[in-house]
Amino acid sequence: GSGFEAPPPASVLAPPLAMALAALADGSQAVVAAPEPSDVAENRLVAQMAVALATRGAELRWRLWSAQLEAASARSEAARLEYQVSAQARELDDLRHQHAALGQQVREFIPPVSVMCRIRPVESYPKAMSDKTAVTVDCQEITVEDSAGRSRKFCSDRVLDGGVCQADVIGIAAPWVESVSRGEAACVLAYGATGSGKTYTLHGAHGSAECAGGVGGIAHHALRRLIEGPGGGAVRLSIVEVYCDQLRDLLGVPVDGAAPPPLQCSRRDPQGRMVLDCAEVEVTGFAAAEEVLERGYAARAMDATLCNERSSRSHVVLTARPVAGPGQLALVDLAGSENISRSGADDCGKLLREAKAINRSLTALADVVEALAKRQGFVPYRNSKLTLLLEEILGQAKILLLAHVSPFAADAPNTAHTLQFAGRVRSVDFGAQMLRKDQEQRLKSEHQRALESNRRLEAQLDQARKEAADTERERREQKQQLARLSEQLREQQRELSKEKELRSRLEAAGRGAPAQGA
């Protein structure tokens, strides 16, 4: 009713002004020194700043509490994802153990000796050849018709006809390579007449690590698997050839710049195995292994005959031993068995000597394989340098014989001879063959299901790891934000403390003013 503006609350004014207002309200006549207008404005500013600081502090405390709540939620989610990742990792380990067990069962059902026949595709021969074919296939049975119209039938464990490409052959030989990566021994032998494709199967196209279709030979696949595949690592390589019943080191320094250095096979280790002083190269990468392979094959004895312009005149044995394990793989590229009248070797003393040595060593090899399969007490390793070289690997390895034949009628005698050799190796009854065939499909199905489940779990595990990584990143960001908010809150608290101190000084100054007036 006095026409004056309503005063601000006494709690936000300086003490002298508050006392004056209280006195007026009570009707007191006491004289109070009124503060200067500047003091009132300053008090009002201090009050406003205090309210703003309190509001800001409350807001920061709310944001801090929200960030702490989000961080706790993130930690809970991270713990849940970590538990999920751990559970999936355990399940993946279990599946890997199951996969290893199934792989072991499959390997156990690989017979001691397997014989497969590969028929060279007709289109792979020069176009000038227009001879009719004389080989027909019915499942595992091969019929060869000679020039007189007489037919002979042979059997093998599997027939790889002209429609089977190089990649398919590599896949067929993969179980033998896989067994080596698990510490076992395996031996793959390529056998057949000259020009039937043995070297192509093992080594790929001549002069290149990759064939026309971009796929190398079994040797390239095996080395890549042993070095770069699961559980792979460094591998020691040696390449030895048997030429005219003489051992030669294809990775050694050539004698007089020409022939590879000869090797002696008279030494034996404490276990009675032959010891060769051949060069052994340790490689840690596939490119280095490929270079060693090319260098060894380039030093091999080759010559031209009437049947093949690049006829192999020696057997070559590539041995790969993983450095970190006891496994061993032998890839044996056998020289082609020869009909010396057809190859023209009977007109040349050198070729004739080589052909006779090749045929004798192949006969000795068949005798050794048969004796091992029958578990005979005496195995005639000493009948040939080739069998002496293969003594260790043949005594403990699973053997895969790839018999190579030509489809043409002109080559029917050589084809029949090759299949007869393969039949001699295959003719031994190893027992449990029918059981293996009955169980093989079931094991393969279980193995395939385990692989698919393994792949699904790995995908889920990768996804869970990504989610855990994202959650961890968000948690770190929230933690950083929490740290920033805490620092801002501390800064505001320091400012508020300064303002309180200023206000205390102002109040002290206001109390000192009446004393001076008195």
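Heavy-atom basis, side chains included; hydrogens, waters and symmetry copies ignored.
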Does the [X] side chain pair with the main chain of [Y], one donor and one acceptor, at a distance under 3.5 Å?
X    : Y    : result
R300 : S314 : yes
H221 : I218 : no
H203 : T201 : no
T471 : E467 : yes
R473 : E477 : no
T387 : Y381 : yes
R360 : D245 : no
S453 : A450 : no
D157 : V115 : yes

Enter the distance from [X]:[atom1] to [Y]:[atom2] here, rounded to the nearest 0.5 Å.
X    : Y    : atom1 : atom2 : value
L223 : L237 : CG    : CG    : 5.5 Å
L400 : L331 : CG    : CG    : 10.0 Å
F154 : T143 : CZ    : OG1   : 9.5 Å
D333 : L318 : CG    : CG    : 10.0 Å
C155 : D138 : SG    : CG    : 9.5 Å
K479 : R476 : NZ    : CZ    : 10.0 Å

Using side-chain heavy atoms (C-beta onward) and a distance below 4.5 Å, is [X] in contact with [Y]?
X    : Y    : result
I399 : L189 : yes
V135 : I142 : yes
L247 : L389 : yes
Q84  : L81  : yes
H220 : E290 : yes
T418 : S196 : no
E291 : L293 : no
V188 : V332 : no

Donor-acceptor contacts, no H, no angles, side chain residues 275-282, under 3.5 Å, sequence neighbours left out:
{"from": "D277", "atom 1": "OD1", "to": "R267", "atom 2": "NH1", "distance (Å)": "2.7"}
{"from": "D277", "atom 1": "OD2", "to": "R267", "atom 2": "NH1", "distance (Å)": "3.1"}
{"from": "E280", "atom 1": "OE2", "to": "R321", "atom 2": "NH1", "distance (Å)": "3.1"}

Legend entry - The single option from I119, V137, I172, D168 passing side chain to side chain contact (heavy atoms under 4.5 Å, CB included) against L160: I172

Legend entry - For K385, the option from V242, L263, L390, V240 that meets side chain to side chain contact (heavy atoms under 4.5 Å, CB included): V242

Inset, instruction - Give the C-alpha distance, both sets of side-chain angles, the deciding distance and a yes or no for side-chain contact (heavy atoms from CB on, under 4.5 Å) between K398 and C187. - result: CA-CA 6 Å; K398 297 290 183 71; C187 179; over 6 Å; no

For [X] against [Y], the heavy-atom pair lying closest together:
X    : Y    : value
G217 : I170 : O-CD1, 3.9 Å
V122 : P407 : CG2-CG, 3.8 Å
P380 : D367 : CG-CB, 4.2 Å
P260 : E241 : CG-OE2, 4.1 Å
A410 : P413 : O-CD, 3.9 Å
C139 : V159 : O-CG2, 3.6 Å

Inset, instruction - Any ring pair (Phe, Tyr, Trp, His ring centres under 6.0 Å) involving residues 178-198? Give me the pairs, sequence neighbours left out, ordered by first then second residue. - result: Y191-F421

Inset, instruction - Using the side-chain hydrogen bond (donor to acceptor under 3.5 Å, both in side chains) rule, pick out the option among R313, H315, E354 that qualifies with Y243. - result: E354

Taking atom [atom1] of [X] as the centre, does the number of heavy atoms from other residues, nucleotides or ligands within less than 6.0 Å exceed 12?
X    : atom1 : value
R455 : CZ    : yes
Q264 : CD    : no
R158 : CZ    : no

Legend entry - Listed partners of S406 passing side chain to side chain contact (heavy atoms under 4.5 Å, CB included), at least two apart: Y125, F408, D411, T415

Legend entry - Carboxylate-amine/guanidinium contact R475 E472, below 4.0 Å: yes

Inset, instruction - Could you walk me through whether R118 and K198 pass side-chain contact (heavy atoms from CB on, under 4.5 Å), step by step? - result: CA-CA 9 Å; R118 185 178 192 186; K198 304 179 301 300; over 6 Å; no

Inset, instruction - Go through K153 and E141 one step at a time and tell me if the salt bridge (charged side-chain N to carboxylate O under 4.0 Å, His left out) criterion holds. - result: CA-CA 7 Å; K153 296 183 182 295; E141 187 176 82; 3.7 Å; yes

Legend entry - Steps toward side-chain contact (heavy atoms from CB on, under 4.5 Å) verdict (V368, L386): CA-CA 10 Å; V368 165; L386 174 64; over 6 Å; no

Inset, instruction - In sequence, state the C-alpha distance, the side-chain angles, and the governing distance for Y83 and R80, and then conclude on side-chain contact (heavy atoms from CB on, under 4.5 Å). - result: CA-CA 5 Å; Y83 176 79; R80 185 188 68 81; 5.8 Å; no

